[in-house]
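In what follows, a single structure is set out as structure tokens and then discussed.
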2 protein chains.
Amino acid sequence: MRVTIEDIAKQAGLSVASVSRILNNTGRFSQATAKRVRAIAADLGYYKNRSAADLARHTQTTLGVINYPAETDSNFHVIRGITEEARQSGVDVLIMIAERDDQATIQKVAQDLIERRVFGILFLSLHPDQAIIDLIKRAGIYPQEVASTYALDMSYVSSNDYQMGQLATRTLIEKGYTRIGFVGADPARDIVGTQRFAGYQAALAAAGITYRPEWLFVGDGKYSYQSGLAAVAYYTEHAALDAVFATSDDGALGVINGLIDRDGAFTHQWGIISTDGSQICEQSRPKISSVTQDFNLIGRMAVAEAVRAIDDPPQAKKQIDVPFKLELRETTPGK
Amino acid sequence: MRVTIEDIAKQAGLSVASVSRILNNTGRFSQATAKRVRAIAADLGYYKNRSAADLARHTQTTLGVINYPAETDSNFHVIRGITEEARQSGVDVLIMIAERDDQATIQKVAQDLIERRVFGILFLSLHPDQAIIDLIKRAGIYPQEVASTYALDMSYVSSNDYQMGQLATRTLIEKGYTRIGFVGADPARDIVGTQRFAGYQAALAAAGITYRPEWLFVGDGKYSYQSGLAAVAYYTEHAALDAVFATSDDGALGVINGLIDRDGAFTHQWGIISTDGSQICEQSRPKISSVTQDFNLIGRMAVAEAVRAIDDPPQAKKQIDVPFKLELRETTPGK
DNA sequence: GTGAAAGCGCTAACAA
DNA sequence: TTGTTAGCGCTTTCAC
């Protein structure tokens, strides 16, 4: 049997109540006995049984996070941010894994988290359907989308996709490009795509450029490297572009490599700007200009918001925008 | 107050024991009442309180994983593997975050996991010091290193670093290269570096090539992109190489980009082979030849081993090798 | 400053 | 097939 608080109490000639107080630094106790108790605890190799503690105490201090594993993981910055902020706020976080597009697993994982009585559940760029969101809310838990805008009835903290699309496109236009492709997102599929596309169109319109349908290349609609790669063949055939707005760094890299594969080298025939600003942008040749999100801050704000929601759960869906910035590198030399 | 098992019992006119049995599918009960109970549970929006359940039951079914967040994340495959295998074995996994080189945080996180009474703790390419390992063992929990060999007294499942170093080097030699640099790992720093370096030297020796000290470029010793980048300047100055064995994909990409930055384009002046085989290898231009690890399998085997250890904890340190393979791409055309 | 005691929500004998 | 009961290990009034 593992060592319990009672073992300590016995050894110290105290009641479990006193030991509990000392170990938790609550209530009053003398420093002398405290020292003794802590020594005994260390000596015995005692560890609190959190199940028992959580059961007895009623306030919950753990936050659930549901992530999906991805190779180029912009979420890694988000997770860092979450972890840092959580450490500071004294909440601890439980990370669990699901797959995108696998609602069954997402639900299972969410239920696991509910059983563990977390006070909030953060979805990292993962889009649960409304049934799952409802089930979480019904359990009295605060759900929140992180690092992605979201259409359904759940608050989110993320960059403003519309503004990002607008900034990216406007930047290309200011550099003198006028025939601008839109790659990798599906405007009809998710709100992120919808918003970025709307921003893109708004920027075109503002500059008096008439959008042409053949400028849109969706690919798999998943912001993937493959979509970028495939876009090159498509555009070569169907559109006379001078620039591309890639809705992800992966997509931009795909476009670059597609161009290299086609021409033998990158010739700056197209201006390219991407979204996210992960290290891919620095490590690509040429380096990719990007609209860069502050993923760390997104993570921090997500935790802060979830903590705030404990005492004061927002009545309506809340949309928190986190600032982003423009980073010009080598793929936007201008015309 | 949240709905409890007692609420269900009351509504169903049953005892909590019966409800518990039904909800857990243990013992005997009639299908008729079971149906009724489940309906009521769903109706009430009931979720088991795991703290209570874990406290009452005594067997633990959750596995702890400590990971660090990284942008190019070969661990993502490991995590997938862990998740899949865990799902199949009916264990659920808790992932927590620490930073490499931050033993204080690693310890804190490990203690958190101990308090949650996990049955095992997996370290993903994270190297806790012996004190932490001892503390975990003392708590009756099985610790295991995953995806990295490890010198201290803890079992591990990973690729065999010595053999990987050997294979990579031998491959270059077979392609006709004879002056081969070793980049990114520090043979004196961690066992991974030591082993890969030993394999590298063994392969050189076996081919009758005399190793020269200036062929070693450690950089930050962290298998980083930066080390690869810096290696080019170093070698240009100090060694006349015809090939490079990069101890990571990031490092190999650094070497390639360093060469491009130096020469304006990649000229295949050096053969390059890397270790890991992440998607970087496919997405680089040229594509990088690699000794590719089976990270998914590593993850699966790690879980399987941890589960096995519940009933039959290994007495001595166990070292489990997972097979890897060679993937030739474009950076090893031969001389 | 410390202790007694109730109870958190559940499981697991053991009875019935 | 179902119920009674005794905990699991801890926290938290409320007394002392």
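Letters A, B, ... mirror the listed sequences (proteins, then strands); counts begin at 1.
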For B/Asn75 and B/Ser125, what are the C-alpha separation, side-chain angles and deciding distance, and is it a side chain to side chain contact (heavy atoms under 4.5 Å, CB included)?
CA-CA 8 Å; B/Asn75 279 346; B/Ser125 311; 3.5 Å; yes
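Ranking C/dC10, C/dA12, D/dT2 by closeness to the B/Arg57 side chain, first place goes to C/dA12. Distance from the side chain of B/Ile5 is smallest to C/dT11 among D/dT2, C/dT11, C/dA4. Each of D/dG3, C/dC8, D/dT11 was ranked by its minimum atom distance to the side chain of A/His58; first place goes to C/dC8. Listed nucleotides C/dC10, C/dA5, D/dT4 differ in distance to B/Ala56; the shortest reach to its side chain belongs to C/dC10. In the set C/dT11, D/dG9, D/dT11, D/dG9 carries the atom at the smallest distance from any side-chain atom of A/Ala52. Distance from the side chain of B/Asn49 is smallest to C/dG9 among D/dT2, C/dG9, C/dT2. Among C/dC8, C/dC10, D/dT11, the nucleotide with an atom closest to any side-chain atom of A/Leu55 is C/dC8.
Between the CD1 atom of B/Ile8 and the P atom of C/dT11 there is a distance of 11 Å, given to the nearest Å. Rounded to a whole Å, the NZ atom of B/Lys10 is 12 Å from the P atom of C/dC10. Following rounding to the nearest Å, A/Phe29 (CZ) and C/dG3 (P) show an atom-to-atom distance of 14 Å. In this structure, the CG atom of A/Asn25 is 15 Å from the C1' atom of C/dG1, given to the nearest Å. One atom, CG of B/Leu23, and another, P of C/dT11, lie 8 Å apart when rounded to the nearest Å. Atom CG in A/Asp7 sits roughly 13 Å away from atom C1' in D/dC10 (whole-Å rounding). Nucleotide D/dC10 holds its P atom 19 Å from the CZ atom of B/Arg50, rounded to whole Å. For the pair B/Ile22 CD1 and C/dA12 C1', the computed distance is 16 Å after rounding to whole Å.
Look at B/Ser15 and you won't find any side-chain N or O under 4.0 angstrom from OP1 or OP2 of D/dT4. Proximity of B/Tyr47 to the phosphate of C/dC10: no side-chain N or O atom is located under 4.0 Å from OP1 or OP2. For the pair B/Ser20 and C/dC10, the criterion of a side-chain N or O lying under 4.0 Å from OP1 or OP2 is not met.
Take the nearest nucleotide of DNA chain D for A/Ser51 and for B/Gly27: the residue whose nucleotide is more 5' is B/Gly27.
Note on A/Ala53: only backbone sugar-phosphate atoms sit closer than 4.0 angstrom, heavy atoms only; bases stay farther off. Within the 4.0 angstrom heavy-atom criterion, only backbone atoms of the sugar-phosphate kind lie near A/Thr33; the bases stay farther away. Among the heavy atoms of the strands lying under 4.0 Å from A/Arg21 is at least one base atom, whether or not backbone atoms are also near. Residue-level contact check: A/Asp54 touches neither bases nor backbone, having no heavy atom under 4.0 Å from any strand.
Within a 6.0 Å radius of NZ in B/Lys35, other residues, nucleotides and ligands contribute 12 heavy atoms or fewer. The number of heavy atoms from other shown groups lying within 6.0 Å of CD (A/Gln88) is above 12.
With axes fitted over five pairs at each extremity, the angle between the ends of the helix from C/dG1-D/dC16 to C/dA16-D/dT1 is 30° (10° resolution).
Between the side chain of B/Thr4 and the backbone N or O of B/Glu6 there is at least one donor-acceptor pair closer than 3.5 Å. Side chain of A/Lys317 to backbone of A/Leu152: a donor-acceptor contact under 3.5 angstrom is found. Side chain of A/Gln315 to backbone of A/Pro313: a donor-acceptor contact under 3.5 angstrom is found.
Electrostatic pairing of B/Arg308 and B/Asp311 does not count as a salt bridge here, judged by no charged N lying under 4.0 Å from a carboxylate O.
Residue B/Asp190 holds its CG atom at 10.0 Å from CD of B/Gln195, rounded to the nearest 0.5 Å.
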